[in-house]
Undergrad: 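A single structure is presented below for examination.
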Amino acid sequence: APERTCPPTLPNMVDSPADRKMNRCGRPFLSPRALPPSVFIGVHRWFLPWLVLPVLVAGCGAATPPPPPLDLDFYFADRAPPPPPEPSACRDEADCRAGCDAGNPLACSDLGAILYDQGHNDEAEAALRLACEAADPVGCRNLGLLLEEAGRDAEAEIAYRAACDARDAAGCGGLGVVLYRLGRRDEALEPLGIACERGDATACRDWGLLAEEAGDARTSRNAYERACNAGETSGCARLGITLYESGDKVGAETPLRRGCEGDDVGGCAWLGLLLHDAGRDAEALDPWSRACRAGDAASCNAQAVLLQAAGRLAEAETSFRAACAGGDRTACDNLAALSRPAATAPTGPPTAGPTAPVNPNDEPAVRRLCDGGDTRGCAALGVLLHRRGRDAEAEAPARDGCDAGEPTACVCLGIVVYALGRGAEAEAPWRKACDAGDPIGCRNLGVLLHGHARATDAEAPARFACEAGDAPGCSTLGAV
């Protein structure tokens, strides 16, 4: 017979009711979803910063990531599951329906969960309302979940409040999150605190977040400690960050490490910063690498500087590219410095180059570079013309640069021909860029192949982009 016992909640750092569903016991839990390939083909995100005066050269110290601000929307997540409720009295849908019709609230609650999982939300809502009206806390909580998912937060508040009043920890957690979403943060503190006291570890973390935002350091630290001690790793990360900011770097290391081991991006970024501050760069590389793979551009830059200092220039270039593509301007400058002949310590005379920095938005100046045979100038011109909506003009310089082996020009060429409606022609330049190690070229190639139902061919380039630290590439890999 089906049981009301539940699998554990899978971690997810973004509160999205669409990512949740109910199982037989009515608890929300997350299920993996196949992400659609994101459309990252439209605009190449590099501005060719090598044309701008670089600020770092090989051997400079790491430009460590700045302390990230407290972002409550990032942290407010699905609630942790409560202890399993008592066994259900019904065996299957028909039995649950019969029991519900006979007035058994537990059967109505289970029937609602079954119907919800089948996508019959209107029927599920009716069954869950019957359970909630009969004072079944699981039914009230799941009714709140269904209403929250439908964007009916005001109604979800009523259902969650009924579950919370019945001492359901996850119901209190749900109430706190809905109140937060409704902009009533002061009111959200109390139910989150109650949920925390009743053993909801995620609610402890969220309680700490709101208390920290309100300036109540004592409450926030206590809440984070409770969350961390209960195994909520993002709570460990926040505890470590607050200890670090208070000057207790020794005490911060263990919770930051626990947070990072639980794949909390902020925990990894701050752990890398702590280890770097302590002169332990060899240890800092791993947490920064993990944060980079999760899409944190500043950590990609910091990782790259450590790799550069260790003489691992090819790996450093890949990380600088990923950070630059993620919007980290320091990484773009570092990439430019790494690409100059001086950065690779050549044995012969330096190669001639532009005598002064060139503004990448100065079309005549960039065009002169391209006309003079500078392949990166041709890539820059292609990007500039594309950004200005002149794709027909952009194709020739992008093709010149790509033919000469400039990966960025190949990425640009693929974008341009794709924008001109010749998507099939984009595969060759993107493949050339990918073969040269350009993560954006690999990502776009993966998106293109996946869109053409060539998932097997799409996996390798998408995986390369992901392993190079390109977060959209990881999304594409997941879709593949």
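Positions are given from 1 along the sequence.
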Undergrad: My understanding is that only one of N229, T242, I241 makes a side chain to side chain contact (heavy atoms under 4.5 Å, CB included) with Y224; could you say which?
TA: T242
Undergrad: Salt-bridge test for R257 and E261: reply yes if a basic N is under 4.0 Å from a carboxylate O, no otherwise.
TA: no
Undergrad: Looking at side-chain heavy atoms only, is the closest gap between E427 and D457 below 4.5 Å?
TA: no
Undergrad: Does the plane of the ring in W270 sit parallel, tilted or perpendicular to the ring in Y244? Use 30° and 60° as the thresholds.
TA: perpendicular
Undergrad: Evaluate the side-chain proximity of Y418 to L448: yes if any heavy-atom separation is below 4.5 Å, no if none is.
TA: yes
Undergrad: Checking E225 now: which residues fulfil side-chain hydrogen bond (donor to acceptor under 3.5 Å, both in side chains) with it, not counting sequence neighbours?
TA: R221
Undergrad: Out of curiosity, D263 CG to C268 SG, how far, rounded to the nearest 0.5 Å?
TA: 6.5 Å
Undergrad: Distance only, no hydrogens: is a donor on one side chain within 3.5 Å (strictly under) of an acceptor on the other, for S289 and R293?
TA: yes
Undergrad: Which heavy atom of A392 sits nearest to which heavy atom of L420, and what is that distance?
TA: N-CD2, 4.1 Å
Undergrad: Show, in sequence, the C-alpha distance, side-chain angles and deciding distance for K249 and E253, and conclude whether the salt bridge (Lys or Arg N to Asp or Glu O under 4.0 Å) test is met.
TA: CA-CA 6 Å; K249 295 183 179 180; E253 181 173 347; over 6 Å; no
Undergrad: Could you tell me whether the side chain of W430 reaches within less than 4.5 Å of the side chain of I440, counting heavy atoms only?
TA: no
Undergrad: What's the separation between atom CG in D281 and atom CG in L306, rounded to the nearest 0.5 Å?
TA: 5.0 Å
Undergrad: Is there a donor-acceptor pair closer than 3.5 Å between any side-chain N or O of Y160 and the backbone N or O of L145?
TA: yes
Undergrad: Mind checking the SG-CG spacing from C378 to L369? Nearest 0.5 Å is all I need.
TA: 9.0 Å
Undergrad: Answer yes or no: is there a donor N or O on one side and an acceptor on the other, between the side chain of S319 and the main chain of A316, under 3.5 Å?
TA: no
Undergrad: If we only count heavy atoms from C-beta on, is the L179 to R185 side-chain gap below 4.5 Å?
TA: no
Undergrad: Do Q303 and D296 touch side chain to side chain, with heavy atoms closer than 4.5 Å?
TA: no
Undergrad: Looking at S234, is its backbone amide N or carbonyl O close enough to the side chain of R205 to form a donor-acceptor pair, meaning the two atoms are under 3.5 Å apart?
TA: no
Undergrad: Is the side chain of W288 donor-acceptor paired with the backbone N or O of A269 at a distance under 3.5 Å, no angle test?
TA: yes
Undergrad: Say you draw a straight line from CG of L285 to NE2 of H276; how long is it, rounded to the nearest 0.5 Å?
TA: 12.5 Å
Undergrad: Taking all non-hydrogen atoms of both residues into account, name the closest pair between A297 and A323 and its distance.
TA: O-CB, 3.3 Å
Undergrad: Please identify each residue that fulfils side-chain hydrogen bond (donor to acceptor under 3.5 Å, both in side chains) with R367, with sequence neighbours left out.
TA: E363
Undergrad: Look only at the side chain of E406 and the backbone of A409, and say whether a donor-acceptor pair between them is shorter than 3.5 Å.
TA: no
Undergrad: With L256, which of L271, L239, D264 fulfils side chain to side chain contact (heavy atoms under 4.5 Å, CB included)?
TA: L271
Undergrad: Is the SG-SG separation for the cysteine pair C412 and C402 below 2.5 Å?
TA: no
Undergrad: Roughly how far, to the nearest 0.5 Å, is the CZ atom of F320 from the OG1 atom of T330?
TA: 10.0 Å
Undergrad: Looking only at heavy atoms, what is the nearest atom pair of N301 and A331, with distance?
TA: OD1-CA, 3.2 Å
Undergrad: How far apart are the closest heavy atoms of V411 and A433, and which atoms are they?
TA: CG2-CB, 3.6 Å
Undergrad: Quick one: are C204 and E232 in side-chain contact, heavy atoms under 4.5 Å?
TA: no
Undergrad: Ignoring hydrogens, what is the shortest heavy-atom contact between A479 and H450? Give both atom names and the distance.
TA: O-NE2, 3.6 Å
Undergrad: Would you check if N142 and L146 make a side-chain contact, meaning some heavy-atom pair closer than 4.5 Å?
TA: no
Undergrad: Given side chains that start at C-beta, do those of E425 and L413 come closer than 4.5 Å, heavy atoms only?
TA: no
Undergrad: Suppose we screen for side-chain hydrogen bond (donor to acceptor under 3.5 Å, both in side chains). Which residues come up paired with D216, at least two apart in sequence or across chains?
TA: T219
Undergrad: For the residue pair G176 and A188, what are the closest heavy atoms and their distance?
TA: O-CB, 3.3 Å
Undergrad: Would you compute the distance between atom SG of C410 and atom CG of D438 and round it to the nearest 0.5 angstrom?
TA: 8.5 Å
